[in-house]
Amino acid sequence: MIEEKLSSADRKYIFYDLKNSFLAGFGFLVAVLLFMAITHSGFALFGLSHHANWLKRILITFGFCVFIFSIVAVSYYNHYLDLIAGKKVLLTINKYKIVSKKHNHYLVSDIPNYNRIHIDADHLPYINRNQPLNIQLAKRSHLILFISNGADNYLLKPTAIAA
């Protein structure tokens with residue numbers, strides 16, 4: 001196990017992961033608010049039964065969604081610490097096995113603190129289980145930055161599109 005500084009490409013990858021998570025959360029927040037505003041406005045326009053305090057309910061829902069959004073932001077705290085500290089861990093694992101539970105796949109090894117690493121199912125076909133595996137992880141979030149049996153990064157390989 002070796003510690004190194006994050007390269008600019010690694011920082012961009014962590015930032016990209018954060019950005020996608022926030023955009024998904026923000027998109028959900030906007031979708032819920034638009035749904036509520038459209039339904040209540042539609043009720044008001046067509047004279048259907050609606051309560052007079054629909055604006056208050058929209059604001060309460062907005063507050064609730066912002067609260068959930070902030071909890072999700074706090075759950076990515078380790079990603080922020082990785083960007084600030086700028087450290088990554090280089091692992092060479094000789095003895096490992098890949099365990100699948102439901103739709104999750106894990107790399108199980110005997111290295112302390114890194115004995116169970118989550119792996120995406122798209123990268124499993126590229127891993128040769130008879131050779132040592134080189135992995136670069138963000139130090140706190142354990143986000144995989146590089147995984148390979150040799151020198152080519154399996155994260156950059158194209159994934160098969162389901163027919």
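In this text, all values refer to a predicted model and were calculated from it rather than measured experimentally.
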Practice item. Using only heavy-atom distances, determine whether the side chains of D122 and Y154 contain a donor-acceptor pair under 3.5 Å. Key: no
Review point. Between N134 and T92, is any side-chain donor less than 3.5 angstrom from a side-chain acceptor?
Key: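 Present: a donor and an acceptor within the cut-off.
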With heavy-atom distances below 4.5 Å as the criterion, would you say the side chains of [X] and [Y] are in contact?
| X | Y | value |
| --- | --- | --- |
| H142 | I117 | no |
| V89 | N113 | no |
| I60 | F64 | no |
| L143 | L137 | no |
| S148 | N153 | no |

Point to revise | Residues, nucleotides or ligands: over 12 heavy atoms within 6.0 Å of Y106 OH | key: yes
**Study point:** Gap between atom CG of L107 and atom CZ of R116 - 0.5 Å precision
**Key:** 11.5 Å
Check your understanding: Rounded to the nearest 0.5 Å, what separation is found between the CG atom of D110 and the NZ atom of K95?
Key ->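 Between atom CG of D110 and atom NZ of K95 there are 6.0 Å.
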Exercise for review: Kindly write out the residues that satisfy salt bridge (Lys or Arg N to Asp or Glu O under 4.0 Å) with D152, not counting sequence neighbours, or none if the list is empty.
Suggested key: K157
Check your understanding: Do you know the tightest heavy-atom contact between S109 and Y114?
Key ->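 Here S109 and Y114 meet closest at OG-O, 3.2 Å.
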Tell me which donor-acceptor pairs under 3.5 Å the side chains of residues 8-15 have, and how far apart each pair is, sequence neighbours excluded?
from: D10; atom 1: OD2; to: S7; atom 2: N; distance (Å): 3.4
from: D10; atom 1: OD2; to: S7; atom 2: OG; distance (Å): 3.1
from: D10; atom 1: OD2; to: K88; atom 2: NZ; distance (Å): 2.8
from: R11; atom 1: NH1; to: L83; atom 2: O; distance (Å): 2.5

Check your understanding: Apart from F28 itself, which Ile, Leu, Val, Met, Phe, Trp or Tyr residues share its cluster (side-chain heavy atoms under 4.5 Å, direct or through members)?
Key -> V32
